[in-house]
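Input: a single structure, listed below in structure tokens.
For the numbers below, each heavy atom of this structure counts, side chains included, while hydrogens, waters and symmetry mates do not.
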Amino acid sequence: MAGESWKLPPRNERFAVVLMYAGESWKLPPPTMNDLPWCLYVSVGGRGREMDASFGVSLGAMRPLLKKLNMMLGPHGYKLTKGLTDRSQLLKDDLEEIGAYLEDLLEVEDPPLAAKCWMKEAQELSYDILDCIDKFIPKRLKWQKQSEYAAPDVSGHVISKTIRVDVISCSQEAQVVIRRYERYQVHCCSTSAACKFSAIGPMMPMPALPCEKTCFGLVIDGRMSKFINSLASDADQQLKVVSIHGSECLGKTMVSKVLYNKIGRQFHCRAFIRRKQPQASQDASDELRITAENIRNYLHGKRYLIIVDDLWDTAAWDVINQVFPKGSQGSRIITTTQIEDVALTCCCDDPEQVFEMKPLDDDHSRKLFFDRIFGSESDCPEELKQVSSQIVEICGGLPLATISISSLLANQPSLSVDLLTHIHDSLVSCLSSNSTSERTRQVLNLSYNSLPHHLKTCLLYFSMYPEGSIIFKHDLVRQWVAEWFISAREGQDRKEVAGMYFDELVDRRFIQPVSINFNNEVVSCTVHDVVHDLIAHKSAEDNFLVIVDHNRKILALSHKVSRLSLQLGDTKYFKIPANIRQAQVQSLGVFGLSECMPCIAEFKLVRVLNLHLSGHHDGYQDLAIDLAGISELFHLRYLKIVCDVCIKLPNRMRGLQCLETLDVMDTPRGTYVPWDIIYLTRLLHLSLPPHTNLLDWSVGEDLSLCKPNHLQDLCISTPPSSDYDRLERSMYALDYLMNEHDSLRTVKLVAHESSASFGDTSKARVWWRLDKPNHHIQRFEVSAYSPVIFCNMHLWKIQLGNLGILKIALDELSVNNVDILRGMPALTALSLYVETSPNIKIIFGTAAGFTALKYLKLRFMSGIAWLKFEADAMPNLWKLRLVFDAIPQMEQRLELFSKSDQWKQYRHGSALISIEHMTGLREVSAKFGGAAADLQYVSRIGVVSNHRSNPIIDMQLVDSGSHGDKRISARSPHESTSCPLHVPAAGADGGGEVPWTWSNTIDVIGRDLFIYCLHRVSRWDYGSIASLNRDFNSVVRNGDIYRLRRKNGVTEHWLYLSCGNNPHEWEAYDPSTGRWIQVPNMPPAEFSYQDSLAVGTELLVFGGHGRVALRYSILTNSWTVLADADAHAMNTPRYLFGSASVGEKAYVAGGGDSSGSVLSSAEMYDSETHTWTPLPSMHRARCGCSGAFMDGKLYVMGGVSSSDDVLTCGEEYDLNRRSWRIINNMSQGLNEADNGAPLLLAVVNNELYAADYNENNDLKQYDKLDNKWITLGKLPVRSSKDKEGWDMGFRACGDGLIVIGRPNNSTDEKVVELHSWTPDEQPPVWNLFATRPYSGSDILCPVMGC
């Protein structure tokens, strides 16, 4: 009690040891070992405590050690001499005393340093003694299936002399530990520090976990929601890079995951990439360059979404940016970073593309806190609101800190003002740092200290995995069980208990879900960086688990290591530190290259072996990894190998009699598992590598199979589909195995790499049926890509009362099939892959059945099914997914549609799939593909009839001729508010009418026809068309129309004009209509822009001596900043260069760089891919030059050399030959001032013209034959003497010329005139068509033709 000293009772009162069996004390003689319950508990008299046999971070190996000593000293243990028996019993008594001391210290929230030192000493003693016992257990003894940790049958076995010496030594060490306990006065610890938190359970039921597509522990405020929705609805088809920037622990990764789930399915390919902070010892970009070419080739022409999480430097971004191809498929790259410069670099210095994460405001912080504990703030008791608000304020808007502390409180059985005040005071005392990560870490530390000890142990085990790993629940559960972390009372299953531990850690927000299954259960998870750092520190502090990380230079290592994690990354050379005794390691995880794999035979006591290896380095792909030493690991319980290199396992594994899990599924072809594993009687979970032949287990001609007696889970690949006989025999063998062995619960058949893909009839297949009772099977999955098709369901002898998950391919779906499936009462998830769609209407009626079903997926290889789900047909269904791979066109009446009613219904676009009576759905998706995968046919809402209260249908239309899946979201067809028109429908029978509205115009006439019509329409009208609805906007903005215009020679030339304003203001002029439109202003800059060009649908403007470029796109009507380090910028930034454009390509040459050097280099820009390609350099370097494209060749002329000499020679570039040719005196006779503006050139109908701004102010034409300039007439405008041509513009616009400058007969310095003339072999007659205000700087006037 508080305020009282805390002391232990006298030893003689404390240690009356009584073995408990079924709740009653044993009376001699005790029952035999075979009668023991599943787990043994030791009751410590006078204290009411039961000690189970599990490991713990605070107790070390004390519990399993006492369990083993009880077994060894029991009637079926070793035969010991009288003296050794007495010494062993004294050792056991001493260890029980030490264990009781440890148990009592668990109740102290913050033990003093002396107590911590003593606890560590006691823990290490328990591990040492357990190791000593394990070393001397005879390896060839026959183990019995007696209890959870069954003792060997050692009856009559005489103990060796060696262990006698060890018993004496261990007993002496135990006495030393007890004396130190008294010397350190640990018993004087004050109970004032007793833990104030309860481990009983939450005061409220655990809230349902969020569904897969929602965020977890993240509040989406209005600003964040706007950002997410803008990206989700962005129809721009150009590659776009967006960066999320902010300090650590603000939720950047979570926001990126929300985006990944929200928009990910719109893309052909998607990937979430995690970048760790680079170390000085390695080049941060090396690992990215290894597979760059493969990635680029794979993604070419595809629409992709890439999220790069936690970028630390611009060097890594430079490499990443080169890896992913540019294009106009609408791809997106999203980066997250803590560094502002990195964020801006990713987005080409465009702050509009950077989203800055900020701490939550007070309202959203309160919502996150109160909703987690009470459900809402209004449900919080009044007496708790004040101190709760103070806790929220202390958390400072940090989401992880807020959700962590609120989850701590939500898991208490009751809340009081005192408890909240204690939390508040603890936070005030520990939150001394302004760093968001450190403040969050301190809050997490408080939450960690409040965890029950069994959860602390399980949580620390996550540090076995490298930071950022995705960890599967079933792997963790099996490892925890193998580690003896889980204690289960009689009647409990340890896996279920471990699963509950996992779920509780999720509920307490220490781990974050990655994927969630149909039943809303977390299947895989990850650990936040700050949490991972915390538990790694705690693991090292308690010597629970030692991490050898190649990124850490300084790492304090204990020589007594029970659990070892080698996180080696791409390190090629590694040796385990010499002070680590490998023979003491009980759990080993290796994550890295196969070259660093230590000698496995040295880890003699290892129980858990988790290997994640890679061997694709230095050309040694065919080199097998020799793990034959595994056969000597007698204590091994868990073995998982993930590797891309062949693994050489032992020829015999029969000696691994403790093995419970063997998972080598993720290894390549050539990995062979010996057949004698069938004698591993404790094997529960078996996942075999590809090419494993199930027939190796057969005995006799009847294909009877021996197998591990207690095997529960089997995962195996199907044989090659080309070997029909072997395939059929293997299925017979599996059938026998499933029927004859009652322990089997889960069977998974994955597709062999050479098996037929779904719907591929070119390879051999086996038609199969379940004609034997399998009442014990709970999960049966056969990959749709395997060659196994199930048939004759009406002949199945169904006794599948426990089957919960079924995933198979069927030859057909009939009414009888539905009735049989309805008869499976435990069915919760059903996935059917159907070869042929039914030719009759399938009704899922209200008859009894499907009451437990939560997930249904129906995939049809051909045709479209006629399905109806009546009310209450599947009352608990959450997710419905429909997939039709090859539906027929409406003009084709296939045999599939033999029923006229169905054909008419499909033909008229009426609802073939009715789910309007299923009101409990949470997620609905429909995917259509094949010949009719066009908006014209199946995007009409009426194909699927939905209920208004149901979620919007996620409808995907797969068209191989498009860049990606077409997607629409739909509710009921009756929701349209537009006035319908009616257009006659084309079809085989000519009957019926298709209702038409503005919203479904594309649906009715087809996307291709719609684009074809639009490409003949004036560009001026595109804006109005795009504003009608989202579909029109998408068609106009994705660039397909302009590509079609270019292909068919449809071009309109618009003049884009900036008259020297700063910041530059732009206008666009359409000569066909004579109208001007305003272009968005450029971002403000501290420098002027001197160069511009138009190419494709883009306008490029350059300034700052080439250091900065801006790109304007008519598709998005927006500007993008391109810094010189951006991949979209030139390879060699430059200014005052010559340039010319043709179609989607632009060419630049010469100019000067930022250092003042004159350049001879040249580049080509592709506006479709936003890439610059170097070209051969010119013969002469020149700056201030001009360019023109004529007769299919690029011409560059004028400018000055590096010695400031005016150049009169020109150069011609042949695109086919990729070579330059000098043309002497090409610009002779034009303005030759060394400080004047570049030559004003323009090409009309392959004729070159020049506006000579010297004193004569002439318009000239180039004579190609005589290489000279001919004067045609005078220009209507002039340049002032101090400007020397910089205040003039001269361009070709279609078939005409446009000249811009100050009026000849005016003194107005603040206006320029625009004149046009179409060359006609007559002296020029200029037409004044506009005047514009002039601010006095350079005039930029590119012309865009598209």
Does the [X] side chain pair with the main chain of [Y], one donor and one acceptor, at a distance under 3.5 Å?
X    : Y    : answer
S406 : R372 : no
S256 : T253 : yes
T526 : S469 : yes

Practice task
Using the six-membered ring wherever Trp is involved, compare the ring planes of F272 and Y260 and label them parallel, tilted or perpendicular (cut-offs 30° and 60°).
Solution key: perpendicular
How about [X] and [Y]: does a side-chain donor come under 3.5 Å of a side-chain acceptor?
X    : Y    : answer
W878 : N876 : no
S463 : S539 : yes
D371 : S376 : no
T402 : S365 : no
N445 : K538 : yes
D361 : H364 : yes

Spacing of [atom1] belonging to [X] relative to [atom2] belonging to [Y], to within rounding of 0.5 Å:
X    : Y    : atom1 : atom2 : value
S515 : F472 : OG    : CZ    : 6.0 Å
S565 : Y461 : OG    : OH    : 9.0 Å
L250 : E356 : CG    : CD    : 9.5 Å
I511 : D503 : CD1   : CG    : 8.0 Å

Practice task
Measure centre to centre between the rings of F485 and H454, then say whether the value is under 6.0 Å.
Solution key: no
Handout entry: Evaluation steps, salt bridge (Lys or Arg N to Asp or Glu O under 4.0 Å), between D309 and K252
Key = CA-CA 8 Å; D309 188 32; K252 301 183 298 297; over 6 Å; no
Handout entry: Cation-aromatic face contact R563/F544, 6.0 Å, 45 degrees
Key = yes
